[in-house]
Protein chains: 2
Amino acid sequence: MTVTETETETTDAGADSCAGPPQGDRRPDGADRYTISEVAALTGLTAHTLRWYERIGLMPHIDRSHTGQRRYSNRDLDWLALVGKLRLTGMPVADMVRYAELVRAGDHTYTERFELLKQTREDVLARIAELQGTLAVLDRKISFYGDAGRALASERT
Amino acid sequence: MTVTETETETTDAGADSCAGPPQGDRRPDGADRYTISEVAALTGLTAHTLRWYERIGLMPHIDRSHTGQRRYSNRDLDWLALVGKLRLTGMPVADMVRYAELVRAGDHTYTERFELLKQTREDVLARIAELQGTLAVLDRKISFYGDAGRALASERT
DNA sequence: CGCTTGCCTGGAGTGCACTCCAAGGTTCTA
DNA sequence: TAGAACCTTGGAGTGCACTCCAGGCAAGCG
């Protein structure tokens, strides 16, 4: 029962500062009814993309004003922050939709979500390793170009 | 034609373990005239993609047999290995084409190539940092799920 | 000799992740 | 209360990186 997905996120706001848009402009809980353009500004996504995310099932049900306009909550912002992180890993949107479905389905999907996160973690580690391999290649090439700058040797590649 | 011996490649074909393709099946320089399907097996790219790379200017001029079929050299394989690494970084194909053009243009583009490589290096470092940020988020979430899992387990006991 | 396999070409098609449009209704500012 | 600036929808369009197709040439084999 205690496996609700959401509570950690609310404290997550300033946790990772390096990447992503700053989310310091939040309103306190209770007054958190952001329009779509506010959310666009906060997340760096376009309003188009936010509506599209909703259409494909990547967002939970978004609250609406009495006239039908979207009103996003801090919790929605938390979810979008997670989605943004996952997107950075190269995870396909379809997989994120799958995760969103699991969250919506309730606590009994806990194990599956856990496995999905662990798999994603492995993928991220693998991608970091790949990038470090590429970095080594680049460094070799850069130092070659640096040397060639003095020697002015003719080269291919 | 010379495709009789090349069945050895089939062992390597599916063995695409983790990072770049192992390039241990090369022939010595001087005997390096690979068909397009051999190169496909060695690089993990499809023949379609190899022809497409050529069409968009991402490959240097590829040698041809007397009947017009492509014959790739070890040098071409080296270039493809670099392209593969750059592709892993998420560099757009258009940028790689730009780099290829600089290489074709000759030695006087040395500085520009150097700058491009250094910029790419910065991009890779930034992406690694992003991924490490994401990793932190995932780890926090995973440990939360782990705790919740133990809680559930102990509840059940 | 025909059959199969591999290769050639230009151009069309695919899948993903947005991105935009038209035609309205709503909310804020002066 | 006017008008700008926002919001709504379904559906169509875009850009990237392939991916495939049709129609044909070339070589090895029984």
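Just so it is clear: chains get the letters A, B, ... in the order the sequence lines come, proteins before strands, and each one is counted from 1. As the structure is a prediction and not an experimental result, all values here were calculated from the model.
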To the nearest angstrom, how far is [X] atom [atom1] from [N] atom [atom2]?
{"X": "B:His66", "N": "C:dC8", "atom1": "NE2", "atom2": "P", "answer": "13 Å"}
{"X": "A:Met91", "N": "C:dA17", "atom1": "CE", "atom2": "P", "answer": "11 Å"}
{"X": "B:Glu38", "N": "C:dT5", "atom1": "CD", "atom2": "C1'", "answer": "14 Å"}
{"X": "A:Ile36", "N": "D:dT9", "atom1": "CD1", "atom2": "C1'", "answer": "12 Å"}
{"X": "B:Tyr72", "N": "C:dC7", "atom1": "OH", "atom2": "P", "answer": "10 Å"}
{"X": "B:Leu86", "N": "D:dA17", "atom1": "CG", "atom2": "P", "answer": "13 Å"}
{"X": "A:Arg87", "N": "C:dC16", "atom1": "CZ", "atom2": "P", "answer": "17 Å"}
{"X": "A:Asp63", "N": "D:dT8", "atom1": "CG", "atom2": "P", "answer": "12 Å"}

Using atom types as modelled and distance alone, determine if a side-chain donor or acceptor of A:Thr43 lies under 3.5 Å from a backbone N or O of A:Val39.
-> yes

5'-most by nearest nucleotide on DNA chain C - A:Pro92 or A:Arg71 | A:Pro92

N or O in side chain of [X] less than 4.0 angstrom from [N] OP1/OP2:
{"X": "B:Thr67", "N": "D:dC25", "value": "no"}
{"X": "B:Arg64", "N": "C:dT9", "value": "yes"}
{"X": "A:Arg70", "N": "D:dC7", "value": "no"}

Is B:Lys118 close enough and on-axis enough to B:Phe114, meaning under 6.0 Å and within 45°, for cation-pi?
-> yes

salt_bridge(A:Arg27, A:Glu38) N-O dist < 4.0 Å = yes

In residues 87-96 of chain B, what donor-acceptor pairs under 3.5 Å come from side-chain atoms, sequence neighbours left out?
from	atom 1	to	atom 2	distance (Å)
B:Thr89	OG1	B:Leu86	O	2.5
B:Thr89	OG1	B:Met91	N	3.2

Among side-chain atoms of B:Thr120 and B:Asp123, is any donor-acceptor pair under 3.5 angstrom?
->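 No - no donor-acceptor pair under 3.5 Å links their side chains.
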
Contacts of A:Arg70 meeting side-chain contact (heavy atoms from CB on, under 4.5 Å) (sequence neighbours excluded), chain-then-number -> A:Ile36, A:Arg51, A:Glu54, A:Ile62, A:Arg64, A:Tyr72

Atom OG1 in A:Thr134, atom CZ in A:Arg127: separation rounded to 0.5 Å?
->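 Reported value, rounded in 0.5 Å steps: 10.0 Å.
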
Proximity to DNA chain C (any heavy atom under 4.0 Å), residues of residues 45-55 of chain A only =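 Heavy-atom cutoff 4.0 Å gives A:His48, A:Thr49, A:Trp52, A:Tyr53.
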
